[in-house]
Amino acid sequence: MDFTRNLYGTSLSLLTDLYQLTMAYGYWKSGRAEQQAVFHLYFRKNPFEGGYAVCAGLEYAVHFLRNLKFSDNDIEYLTSLRNAKGDELFDLDFIDYLRNLRFTCNVEAIPEGTVVFPNEPLIRVSGPLLQAQLIETPLLNFLNFQTLIATKAARITEAAQGDLVMEFGMRRAQGVDGSLSATRAAFIGGVKATSNVMAGELFDIPVKGTHAHSWIMAFANEEEAFEKYAEAFPHDSVFLVDTFDTLEGVKNAIKVARKMRESGSELFGIRLDSGDLAYLSIEARKLLDEAGFPKVNIVASNDLDENLIASLKQQGAKINSWGIGTQLVTAFDQPALGGVYKLGALQDEKGQWQYKLKLSEQLVKTSTPGVQQVRRFLDGHGKFVADMIYNEAENLPENLKIVHPLDITKQKPIAAGTPSEDLLQPIFKNGQLVYCLPALPEIQQRTQQQLQALDPSIRRFLNPHTYPVGLEATLHQLKTDLILKFRHLK
Ligand SMILES: Nc1ncnc2c1ncn2[C@@H]1O[C@H](COP(=O)(O)OP(=O)(O)OP(=O)(O)O)[C@@H](O)[C@H]1O
Ligand SMILES: O=P(O)(O)OC[C@H]1O[C@H](OP(=O)(O)OP(=O)(O)O)[C@H](O)[C@@H]1O
Ligand SMILES: O=C(O)c1cccnc1
């Protein structure tokens, strides 16, 4: 389903920074609009001090690009803009150009749910300079946020070791789409259900939940509150037991669970939302087991993240379901992924690629030239061993070698015949969608398979190993030559 259209009406084409439109105007005015260009979207550092990221957000990008067309309303607004002198900001001829603009670029992208690393192009856009530039900001908006949240979710579900993880974050999320797209990305990362009903409807994600403290407070006592909830939901009740005293709450839950059993239903679970979750879950488990309720689930919530879950597991907590809100949907410890979109090449009048590079004092911020593709090498068991960024516009040498992007002394030869796959897949050809969007559960499954192919030393939270990603040696040389040229050293 095209949820962007469903949510925001017919056009998201103004969802961009003004400077994309002023540059577009400038390119149009100077006759450069149609010059062929290649841009790459990539990030420079794994989020959360981790060893990997999980790519997400492509489906939003696809819907956005498919619908890229300035509507009458968009045109009216752009016509109304004024420059500092009070005149129209854009020529009416340019406004007409925008009115008739149709997306004609080629887009290649790494499928959602793929494990990705710094410097790898997640999306490559090639086509008319004006168009390829115009879409920078929305692409970054979709990919940066959803990749960040999918990665956080992957970490949280890894810590939960197969337990059910539910996303409870809407109330603390950054606005409307900050909750909806976070829920989608959390599902990609491994979360199995959400409390967010609109996300359930839009993305077909299972919806689940318990009840709030106010439910207990609305009745004369806790036991009556549990009873009434069980009457309404005899098969799905999860009682929140910590409103007054957690272990007394568990005892009340057991009383009601006994009555439920007499009338033919079973209590589904209890939820702990405060106090020492390790101690309380162990004690609650004992009480439930002794009373003959070994199957009653114990759900925990309260500002949890992957580190707290790992710690609770280590403490022997008897929690088997996790409700995770704030820390997940806001990516609390790192609220943004610093993905960027950089020009890699421009075609000259003869149709030759001119490679482009942005210099920086910091080598990490110096962009990579070329028409980039990512090749992932695998061992005999399908485990990932190294990724190579290479320039698709030039022939590859026979003997492949990857060079660390920031340290030329770190080099890795790739043995001939090493199994490999190229990660960037065709998405649009000349503006036509050629990619079949996978269903969300398929993307979630892909994430799990990808994570299994990654060495645990790269997945661990504390000081993870660095997965080898390098520039193919001739691309590294091209980049070095350009740096030297721009520094007037060559
Ligand atoms: N055994 C534990 N080990 C480490 N952290 C824990 C443990 N139990 C709970 N926590 C975490 O400690 C933090 C503080 O929890 P605590 O219940 O003491 O305070 P609170 O959130 O202010 O309580 P309340 O919700 O009653 O206001 C929460 O993030 C919680 O998840
Ligand atoms: O803690 P999170 O991971 O964000 O999960 C969502 C939280 O939302 C609810 O709390 P509520 O809004 O009632 O606030 P409170 O429990 O902090 O008082 C629920 O009881 C969780 O604690
Ligand atoms: O269903 C729940 O238990 C829930 C939903 C949202 C936030 N906190 C808890």
Side-chain angles (χ1 to χ4, degrees), residues 149 152-153 155-157 159-160 163-176 178-180 182-183 185-187 189-200 205-218 222 225-226 229-230 232-233 235-250 253 267-286 296-333 335 461:
I149 303 299
K152 187 73 176 168
R155 293 163 64 84
I156 286 170
T157 45
D163 293 346
L164 173 72
V165 179
M166 297 171 283
E167 180 271 306
F168 282 173
M170 192 209 304
R171 65 191 58 200
R172 307 270 151 65
Q174 328 291 31
V176 177
S179 78
L180 291 169
T183 304
F187 189 81
V191 161
K192 287 281 158 44
T194 180
S195 62
N196 183 334
V197 183
M198 186 179 268
I205 295 174
V207 286
K208 282 195 194 305
T210 71
H211 63 72
H213 293 108
S214 56
W215 174 266
I216 307 291
M217 291 148 73
E222 197 175 48
F226 290 162
Y229 203 74
F233 299 101
H235 306 292
D236 308 282
S237 280
V238 178
F239 298 153
L240 177 56
V241 291
D242 73 336
T243 306
F244 306 115
D245 174 312
T246 302
L247 294 180
E248 287 306 312
V250 177
L267 176 62
F268 192 79
I270 61 164
R271 175 160 73 98
L272 309 174
D273 189 44
S274 58
D276 184 327
L277 295 172
Y279 167 76
L280 290 171
S281 65
I282 290 166
E283 294 305 310
R285 185 77 273 157
K286 271 191 216 151
V296 168
N297 295 289
I298 300 183
V299 183
S301 54
N302 191 13
D303 217 15
L304 295 169
D305 68 0
E306 66 272 39
N307 298 312
L308 274 174
I309 295 173
S311 164
L312 288 166
K313 288 266 180 204
Q314 210 180 19
Q315 295 170 56
K318 297 289 182 194
I319 296 159
N320 67 346
S321 295
W322 306 84
I324 316 289
T326 314
Q327 299 282 333
L328 170 57
V329 301
T330 66
F332 200 79
D333 42 342
F461 302 151

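Since we're looking at a predicted model, the values are computed, not measured. Counting starts at 1 for both ligands and their atoms, following the listed order.
Nearest non-hydrogen protein atom to atom 17 (O) of ligand 2 is Arg172 NH2, 4.3 Å. The protein atom (non-hydrogen) at minimum distance from atom 6 (C) of ligand 2 is Phe168 O, 3.9 Å. Looking at atom 6 (C) of ligand 1, its nearest protein heavy atom turns out to be Leu308 CD2, 4.0 Å. Of the protein's heavy atoms, Ser274 CB, 3.9 Å lies nearest to atom 24 (P) of ligand 1. Among all protein heavy atoms, the one lying closest to atom 8 (N) of ligand 1 is Leu277 N, 2.9 Å.
The residue from Asp303, Leu308, Asp273 that puts a heavy atom closest to atom 1 (O) of ligand 2 is Asp303. Summarising the contacts of atom 29 (O) of ligand 1 with Asp276, Asn302, Thr326, Leu280, the nearest heavy atom is found in Asn302.
By the 4.5 Å heavy-atom criterion applied to side chains, Glu306 and Gln327 are not counted as neighbours. Looking only at side-chain heavy atoms (C-beta outward), Val176 and Met198 stay at 4.5 Å or farther from each other. In this structure, the side chains of Thr330 and Gln174 come closer than 4.5 Å at one or more pairs of heavy atoms. Contact annotation: the side chain of Leu328 never approaches that of Val165 to less than 4.5 Å [non-hydrogen atoms, C-beta and beyond]. The shortest distance between side-chain heavy atoms of Arg155 and Asp305 does not fall below 4.5 Å. Counting heavy atoms from C-beta outward, Val250 and Glu283 have side chains that stay 4.5 Å or more apart. Side-chain contact between Thr157 and Trp322 is absent, with no heavy-atom pair separated by less than 4.5 Å. Residues Val191 and Ile324 form no side-chain contact, since every pair of their non-hydrogen atoms from C-beta on lies 4.5 Å or further apart.
Within a 4.0 Å radius of atom 22 (O) of ligand 1, the protein has no heavy atom. Under the 4.0 angstrom criterion, atom 15 (O) of ligand 1 counts as having a protein heavy-atom contact. By the definition of a contact as any protein heavy atom under 4.0 Å away, atom 15 (P) of ligand 2 is not in contact. Distance check for atom 27 (O) of ligand 1: every protein heavy atom is found at 4.0 Å or beyond. There is a protein heavy atom closer than 4.0 angstrom to atom 3 (N) of ligand 1. Within a 4.0 Å radius of atom 22 (O) of ligand 2, the protein has at least one heavy atom.
In this pair, Tyr229 and Phe239 present their aromatic rings perpendicular. The plane angle is above 60°, beyond the 30 to 60° band.
Shown in contact with Ala278 at under 4.0 Å from a heavy atom are these atoms of ligand 1, numbered in order with element: 1 (N). Here is the list of ligand 1 atoms found below 4.0 Å of a heavy atom in Asp303: 29 (O). Every atom of ligand 1 with a heavy atom of Gln315 under 4.0 Å away is listed here by number and element: 1 (N), 2 (C), 3 (N), 4 (C). Contact atoms of ligand 2 toward Gly325: 2 (P), 3 (O), 4 (O), 5 (O) (distance under 4.0 Å to a heavy atom of the residue). Each of the atoms 31 (O) of ligand 1 lies under 4.0 Å from some heavy atom of Leu304. Atoms of ligand 1 found under 4.0 Å from any heavy atom of Gly275 (numbered from 1 in listed order, with element): 8 (N), 9 (C), 17 (O).
Interatomic distance, Lys318 NZ to Ile298 CD1, rounded to the nearest 0.5 Å: 9.0 Å. To the nearest 0.5 Å, atoms CG (Leu247) and CG (Leu272) are separated by 8.5 Å. Here CD1 of Ile309 is found 5.5 Å from CG of Leu304. Values are rounded to the nearest 0.5 Å.
Under 4.0 Å from ligand 2, the heavy atoms of Arg271 that appear belong solely to its side chain. Under 4.0 Å from ligand 2, the heavy atoms of Arg171 that appear belong solely to its side chain. Counting heavy atoms closer than 4.0 Å to ligand 2, residue Asn302 contributes backbone atoms (N, CA, C, O) but none from C-beta onward.
In terms of heavy atoms, Asp273 sits closest to Ser301 at OD1-OG, 2.8 Å. Residues Phe187 and Pro206 approach most closely at CE1-CD, 3.9 Å, considering heavy atoms. Heavy atoms only, all atoms of each residue included: Leu240 and Glu222 are closest at O-OE2, 4.3 Å. Closest of all the heavy-atom pairs between Val296 and Gly269 is CG1-CA, 3.6 Å. Of all heavy-atom pairs spanning Ile282 and Ala317, the tightest one is CG1-CA, 4.3 Å. In terms of heavy-atom proximity, Thr243 sits nearest to Ile216 at OG1-CG1, 3.5 Å.
Ligand 1 has no N or O atom lying under 3.5 Å from any N or O atom of Ser311, backbone or side chain. Checked by distance only, ligand 2 and Thr326 come closer than 3.5 Å through their nitrogen or oxygen atoms. Residue Leu312 has no nitrogen or oxygen atom sitting less than 3.5 Å from a nitrogen or oxygen atom of ligand 1, judged on distance alone. Where the criterion is an N or O separation shorter than 3.5 Å, residue side chain and backbone included, Ile324 fails it with respect to ligand 2.
A donor-acceptor pair under 3.5 Å links the side-chain atoms of Asp242 to the main chain of Ser274, judged by distance alone.
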Between ligand 3 and the protein, which N/O pairs are shorter than 3.5 Å?
residue	atom	partner	partner atom	Å
ligand 3	1 (O)	Thr210	N	2.8
ligand 3	3 (O)	Thr210	N	3.4
ligand 3	3 (O)	Thr210	OG1	2.5
ligand 3	3 (O)	Arg271	NE	3.4
ligand 3	3 (O)	Arg271	NH2	3.4

